[in-house]
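Here the structure comes first, spelled out in structure tokens, and everything after it is commentary.
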Amino acid sequence: MNYDAGERAPLKFLPYIAPIRWRWAIGMLVAVGAAILEISIPQMLQFIVDELTRNATETGIWIGGSLVLLIGVGQASLAYWRRWLIVDPTSTMEMRMRMNFFDKLLRAPLSMIDRWSSGQLLTRSMSDLGTIRRWLSFALVQLISVAVMFLVGSSFMFGASWQLAAVFVVTVPVLLVSLVSYVRKYNAYTQELQQLTGDVSTRIEESVRGIRVIKALGRSQEEIQKYTAAVEELNSLDYRRSMLVALVAFYQRVIVGVSTLIALWVGVPQVASGEVSLGSLTAYFAVLTVVLGHVLRST
């Protein structure tokens with residue numbers, strides 16, 4: 001933006017996305033490729049286990065191990081390029097939004113500035129814009145990657161055992177549904193935290209600016225008490241939000257544990273009867289670990 005020439009900052013979100021859309025889209029495709037490679041590793045484990053069960057030849061083990069290594073290296077390489085393609089453009093977008101936000105403040109009428117304290121404006125310009133950048137760089141990428149791994153992993157499982165696939169297909173949506181109320185409460189806590197953080201920042205700024213007056217009137221202790229009360233309220237709210245995260249993590253791990261128990265109850269008899277190979281059961285739990293691990297990290 002050429003602010004000296006009188007250019008105005010865009011008021012909508014899409015103009016900020018437009019300059020980075022192609023690189024971001026390519027990065028998203030790379031992320032999808034990395035997800036497919038990551039979910040394919042359990043299939044190599046299935047080959048190795050079944051090879052050991054049927055015919056434990058050194059050649060077969062080396063072939064399977066080499067394939068796992070190659071897929072792992074490929075997945076790690078794509079993950080690196082995904083970050084290179086996405087993180088830098090979104091950081092640049094955040095910088096443009098931050099500059100435009102400052103330009104908007106300079107152009108804003110004094111009546112609008114009077115309605116917002118300096119601490120609130122500082123919080124909005126730093127915290128909120130950083131949240132947008134993290135959502136585009138990580139959260140959205142993680143969401144799409146989990147969806148791809150869920151679909152690919154489900155197709156692998158249905159090829160081995162529809163009963164095990166059904167357990168998997170039910171578990172992931174249950175985990176996601178458990179996040180619905182959590183996200184609503186978490187957002188409410190976060191908005192309140194941002195408001196309180198802005199108020200605390202404003203109090204600090206006003207105290208620093210008026211430090212001479214405060215000292216001259218002997219109001220230091222009174223200001224300390226007010227600041228302590230505000231910080232304690234902020235700390236209490238942050239603690240409640242942290243406990244919410246811990247509670248949801250507990251519920252989700254219980255769901256994963258129950259799902260694993262059901263999968264063992266369904267899969268072990270199938271392996272014993274020869275309906276499902278030991279490698280297929282191993283691959284199932286590997287896929288379950290990979291996909292659910294990503295879901296749990298998203299919390």
Side-chain angles (χ1 to χ4, degrees), residues 1 9-44 67-101 126-158 165 168-169 171-180 182-184 186-187 190 252 283 286-299:
M1 298 290 298
L11 300 179
K12 297 184 179 180
F13 184 61
L14 288 181
Y16 294 100
I17 295 289
I20 67 169
R21 64 185 184 278
W22 291 114
R23 185 169 173 177
W24 187 89
I26 294 172
M28 188 61 69
L29 290 176
V30 171
V32 170
I36 294 174
L37 285 181
E38 185 176 1
I39 204 65
S40 299
I41 293 178
Q43 305 312 304
M44 295 299 102
L67 288 175
V68 171
L69 177 62
L70 287 175
I71 293 176
V73 170
Q75 187 271 334
S77 300
L78 290 179
Y80 169 81
W81 287 109
R82 183 260 296 172
R83 285 181 175 269
W84 182 80
L85 285 166
I86 292 179
V87 172
D88 181 63
T90 52
S91 297
T92 302
M93 181 199 71
E94 181 189 12
M95 179 186 68
R96 290 181 62 242
M97 294 178 70
R98 206 180 302 283
M99 293 174 62
N100 291 342
F101 181 83
M126 300 300 292
S127 176
D128 290 7
L129 298 182
T131 299
I132 294 174
R133 187 257 307 163
R134 288 191 296 273
W135 183 77
L136 282 174
S137 299
F138 302 104
L140 187 57
V141 175
Q142 182 82 345
L143 178 63
I144 294 176
S145 297
V146 168
V148 169
M149 286 191 288
F150 174 72
L151 294 175
V152 176
S154 299
S155 65
F156 287 153
M157 290 180 181
F158 274 108
F168 174 76
V169 169
T171 300
V172 174
V174 168
L175 282 175
L176 295 178
V177 168
S178 69
L179 290 175
V180 174
Y182 156 77
V183 170
R184 192 180 299 114
Y186 185 87
N187 288 339
T190 300
Q252 290 203 317
V287 170
L288 192 70
T289 300
V290 171
V291 176
L292 297 187
H294 281 275
V295 174
L296 293 176
R297 282 196 295 273
S298 67
T299 60

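Position 1 is the first residue of the sequence, and the numbers go up from there.
Within 6.0 Å of OH on Tyr80 lie no more than 12 heavy atoms contributed by other residues, nucleotides or ligands. Other residues, nucleotides and ligands place more than 12 heavy atoms under 6.0 Å from the CZ atom of Arg23.
One finds the CG atom of Leu143 at 15.0 Å from the CZ atom of Phe138 (value rounded to the nearest 0.5 Å). The CD1 atom of Ile86 sits 5.0 Å away from atom CE of Met28, with the distance rounded to the nearest 0.5 Å. Separating the OG atom in Ser154 from the CD1 atom in Ile39 is a distance of 8.5 Å, to the nearest 0.5 Å. Here the straight-line distance linking atom CD1 of Ile26 with atom CZ of Arg21 works out to 11.5 Å at 0.5 Å rounding. Of the inter-residue distances, the one linking Leu70 atom CG with Ile41 atom CD1 reads 10.5 Å to the nearest 0.5 angstrom.
Shortest non-hydrogen contact noted between Met149 and Ala35 is CG-O, 3.5 Å. Contact record, Leu37 with Ile71: O-CG2, 3.2 Å, taken as the closest heavy-atom pair. Of all heavy-atom pairs spanning Arg82 and Val30, the tightest one is N-CG1, 3.8 Å. For the residue pair Ala31 and Val141, the shortest heavy atom distance occurs at CB-CG1, 3.7 Å. Across every non-hydrogen atom of Trp84 and Pro89, the tightest pair is O-CD, 4.3 Å. Considering every non-hydrogen atom in both Thr90 and Arg133, the closest pair reads O-CG, 3.4 Å.
Looking only at distances, no side-chain donor or acceptor of Ser137 sits under 3.5 Å from a matching main-chain atom of Arg134.
Between Leu136 and Ile17, the closest side-chain pair of non-hydrogen atoms falls below 4.5 Å. For the pair Arg96 and Pro19, the minimum side-chain heavy-atom distance is below 4.5 Å.
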